[in-house]
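Notes to accompany the following structure.
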Number of protein chains: 4
Amino acid sequence: MGRKQAIIQSATRLFAQKGFAETSTAEIAEDAGVAHGTLFYHFKNKRGIIHEIFSMAGDVYLRNLKSVLARQNNGMEGIEAIIRFNENYSRDHIQQIRIFQRFFPDLGNDADPEKMLLDSLKQQVIDLIRKSLETGAADGSIACAKIHETADVIHSLIFGITHMNLMESADTPALTEEAIAFCRRALTPGGQDCQRV
Amino acid sequence: MGRKQAIIQSATRLFAQKGFAETSTAEIAEDAGVAHGTLFYHFKNKRGIIHEIFSMAGDVYLRNLKSVLARQNNGMEGIEAIIRFNENYSRDHIQQIRIFQRFFPDLGNDADPEKMLLDSLKQQVIDLIRKSLETGAADGSIACAKIHETADVIHSLIFGITHMNLMESADTPALTEEAIAFCRRALTPGGQDCQRV
Amino acid sequence: MGRKQAIIQSATRLFAQKGFAETSTAEIAEDAGVAHGTLFYHFKNKRGIIHEIFSMAGDVYLRNLKSVLARQNNGMEGIEAIIRFNENYSRDHIQQIRIFQRFFPDLGNDADPEKMLLDSLKQQVIDLIRKSLETGAADGSIACAKIHETADVIHSLIFGITHMNLMESADTPALTEEAIAFCRRALTPGGQDCQRV
Amino acid sequence: MGRKQAIIQSATRLFAQKGFAETSTAEIAEDAGVAHGTLFYHFKNKRGIIHEIFSMAGDVYLRNLKSVLARQNNGMEGIEAIIRFNENYSRDHIQQIRIFQRFFPDLGNDADPEKMLLDSLKQQVIDLIRKSLETGAADGSIACAKIHETADVIHSLIFGITHMNLMESADTPALTEEAIAFCRRALTPGGQDCQRV
DNA sequence: GATGAATGAGATTTCATTCAT
DNA sequence: GATGAATGAAATCTCATTCAT
């Protein structure tokens, strides 16, 4: 593995453990087994490191999520799959997720290139949720009047669960299953008239 | 207003705007119009300032939320009230909320006194959600099999909405209303058999 | 002597000896016998130190020059006094002069606050030369057709002599006396018609 | 153009623009379109680059100046030609001149090989001035008692004008013409007795 | 001849905290 | 109670130079 990869790996672990601001570049270099200056040969600055991590992680997340979605049979299954995928991915890539969640609050101004990266990722996830809702509305597996807002609601729910996951303050597999059941009840057409509200 | 209050006020604004690590004690002192050293007369250290902010803010949030809940007529109304209260409170106390959200990810180890404060606050909110679910189950306004998990789901949803709010990436009043509708559909007994899942 | 004065003194000596870029802040602090951080308590940054040195030195130079000029009897004596004053001042404040001369070339863009300081100082000296030329033209001690340009010529001459002085590449007291004689010949009215050119 | 020439060209431009210390070797390499390491193949170190620039520039300056001087008819014309040559050369080789002027102050100790280069150049120019003065004294175009000191005075004047030129703080063509007139008045024999002083 | 990855020494600056007054 | 000068540890980043290829 090249030095650049070693740096990315170490940085990922340390940012996840201690946060971005709390991790020094000297620490990353030492952990990666390279000279301090080497960091700044491969990356413009400290932020450049996290930028690369974000960019790579976002790509993997989206690619995997899409491949999972492609295997679903109808809209409701899609929604289920998205929620469950997030749970699984969070467990398998806990460090990446932790960095994402840690970094969100530091992203103040909209010009921030990292904020743009994360915003774009979020928007793509919301779009996939929306597409599943639309598919479900078409194939009859989902009854939903306000697709736009409902997509936001589901995304909020997923985000909140992920947060609980990171805080280790709940049995998240169970939480995820209950969230799916919750959505099913809210979205399944049937005795309940979802237009009513 | 005494010097201590001035410090708390300035710190609240600055922490909300720029984050904890990014705000220097000198900056707080200048903004508050006191000498730098005065901060350390009133607070043990920088962390002591945010501790006091958290502690006060949590008290206000909970007291207000409880007083709102006391005025509801049944369990389902309670759930609605909690979600809506969070929206209103977030709007009115945006700085406090922003500090909470900003600080969460920095709280790593469980021994952390600020993490304990926030955990306790979260737990109390979840308890209030649970109590409303139980009330609703008793008064017939809610059909819910797994109260414990459902409370976590709703809390996750609220947390996610608050996050969207802070990121200013959604029309949150509309999002809140749709979330309430979503919960209503998921929780209202009726044609839909909520035991089924 | 307070710490701030000690810093200024050390910085003056070191900047004169080695130049601005070549002197590190750590070096200044050590020489002044203060902690490294103390520099940045008293000055915004490294440039702030040289700014203060410039500002103080320029004031002293101008004040002294003006007081010398006030004691002259006519315009030609004024020109002589200016050239001689510069020689004496350079000898007595060799460090200040060295810093000035060293710093000039680093001052690129006009927005530079230090460049503005130095430009203003230079302009004031040129104005004093011009005033002496005008006085001399009025009192008959000087014959000069183009006062504006001649003032620039004399200032260039003074600047060049100061430079030679710093480079220690000439016997400058003798050079100064010859420069005065040179100017006398060029400016004294008489058999030579200075309009001619 | 070979790589070495490209490096020299880029370095000349950058040193003139930003100064020696402020220009990094990496910057020069990039500007020249060669690899960073290539610099150190062609030059011993960073200083070696400026040494070559100085050496070449000094040669050109002197050769041209001498060729101009050869075409003058008497001593006074020689002095005029030197002053005017400097103005023209400065305008045409502004970068070279800027590097010279920028570098002078950094040359502290006499052992410095670059200082020796510049000192030698300066001495040769002064010698040429002196020779013109002597020629003029012989051919009757100049009246000058102290040739040695006067040569220094004229060199100082030229240096000062060049500095004004670089600082862009005067209309230097006009300044140059006035300086020539100034020298004419000071040096031309006539009604004025130059022995007198 | 030429490259560019890697280095390590050092530079400037920030900042929470202390303490004498 | 309050101050603010002073500190020193640590952080980010720069950069001339080396060297294996």
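Just so we're on the same page: letters track the sequence lines, and every chain starts at 1.
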Atom pairs, N/O to N/O, protein against nucleotides 12-15 of chain F, distance under 3.5 Å?
| unit_1 | atom_1 | unit_2 | atom_2 | d |
| --- | --- | --- | --- | --- |
| F:dT12 | OP1 | A:Lys46 | NZ | 2.8 |
| F:dT12 | OP2 | A:Thr25 | N | 2.8 |
| F:dT12 | OP2 | A:Thr25 | OG1 | 2.8 |
| F:dC13 | OP2 | A:Lys46 | N | 3.0 |
| F:dC13 | N4 | A:His36 | ND1 | 3.3 |

Point to revise | Separation of F:dA16 C1' from D:Glu27 CD (nearest whole Å) | key: 14 Å
Practice item. For the pair C:Lys46 (side chain) and C:Ser24 (backbone), establish whether a donor and an acceptor sit closer than 3.5 Å, ignoring hydrogens and angles. Key: no
Check your understanding: Is D:Arg3 near enough to E:dG1 that one of its side-chain N or O atoms lies under 4.0 angstrom from OP1 or OP2?
Key -> no
Study note, to complete from the structure: Listing for DNA chain F: consecutive Watson-Crick or G-U pair runs of at least 3, distance cutoff 3.5 Å, ranges ordered by first number, gives E:2-21 with F:2-21
Exercise for review: Identify, with sequence neighbours excluded, every residue that meets side chain to side chain contact (heavy atoms under 4.5 Å, CB included) alongside D:Leu117.
Suggested key: D:His51, D:Phe54, D:Ser55
Exercise for review: Look only at the side chain of C:Thr23 and the backbone of C:Gly19, and say whether a donor-acceptor pair between them is shorter than 3.5 Å.
Suggested key: yes
Point to revise | Residues which pass salt bridge (Lys or Arg N to Asp or Glu O under 4.0 Å) with C:Lys4, listed by chain and number, not counting sequence neighbours | key: C:Glu52
Revision key, fill the gap. Residues at least two apart in sequence or cross-chain that pass side-chain hydrogen bond (donor to acceptor under 3.5 Å, both in side chains) with D:Glu27, listed by chain then number, are D:Lys18
Review point. Starting at NE2 of C:His42 and ending at P of E:dT13, how long is that distance when rounded to a whole Å?
Key: 16 Å
Study note, to complete from the structure: To the nearest angstrom, the CG-P distance between C:Leu39 and F:dA6 comes to 12 Å
Review point. Would you find a donor on one side and an acceptor on the other, under 3.5 Å apart, between the side chain of A:Thr12 and the backbone of A:Ile8?
Key: yes
Point to revise | Residues forming a side-chain hydrogen bond (donor to acceptor under 3.5 Å, both in side chains) with C:Gln96, sequence neighbours excluded | key: C:Tyr89
**Study point:** CZ-CD1 distance between B:Phe15 and B:Ile50, expressed to the nearest 0.5 angstrom
**Key:** 5.0 Å
Check your understanding: F:dT3 C1' sits how many Å from B:Lys4 NZ, rounded?
Key -> 18 Å
Practice item. Provide, to the nearest angstrom, the distance between the CD atom belonging to A:Glu30 and the P atom belonging to E:dT7. Key: 14 Å
Review point. Taking only residues two or more places apart in sequence or in another chain, which ones pass side chain to side chain contact (heavy atoms under 4.5 Å, CB included) with D:Leu62?
Key: D:Leu121, D:Gln124, D:Val125, D:Leu128
What side-chain donor-acceptor pairs closer than 3.5 Å can you find for residues 28-37 of chain B, not counting sequence neighbours?
| unit_1 | atom_1 | unit_2 | atom_2 | d |
| --- | --- | --- | --- | --- |
| B:Asp31 | OD1 | B:Ser10 | OG | 2.6 |
| B:Asp31 | OD1 | B:Arg13 | NH2 | 2.9 |
| B:Asp31 | OD2 | B:Arg13 | NH2 | 2.4 |
| B:His36 | NE2 | B:Thr25 | OG1 | 2.9 |
| B:His36 | NE2 | B:Ala26 | N | 3.4 |

Practice item. Would you please name every residue forming a side-chain hydrogen bond (donor to acceptor under 3.5 Å, both in side chains) with D:Gln95, sequence neighbours left out? Key: none
Point to revise | Close residues, residues 7-15 of chain B, relative to DNA chain E [heavy-atom separation under 4.0 Å] | key: none
Review point. Rounded to whole angstrom units, what separation is found between the CD atom of A:Gln5 and the P atom of E:dA6?
Key: 12 Å
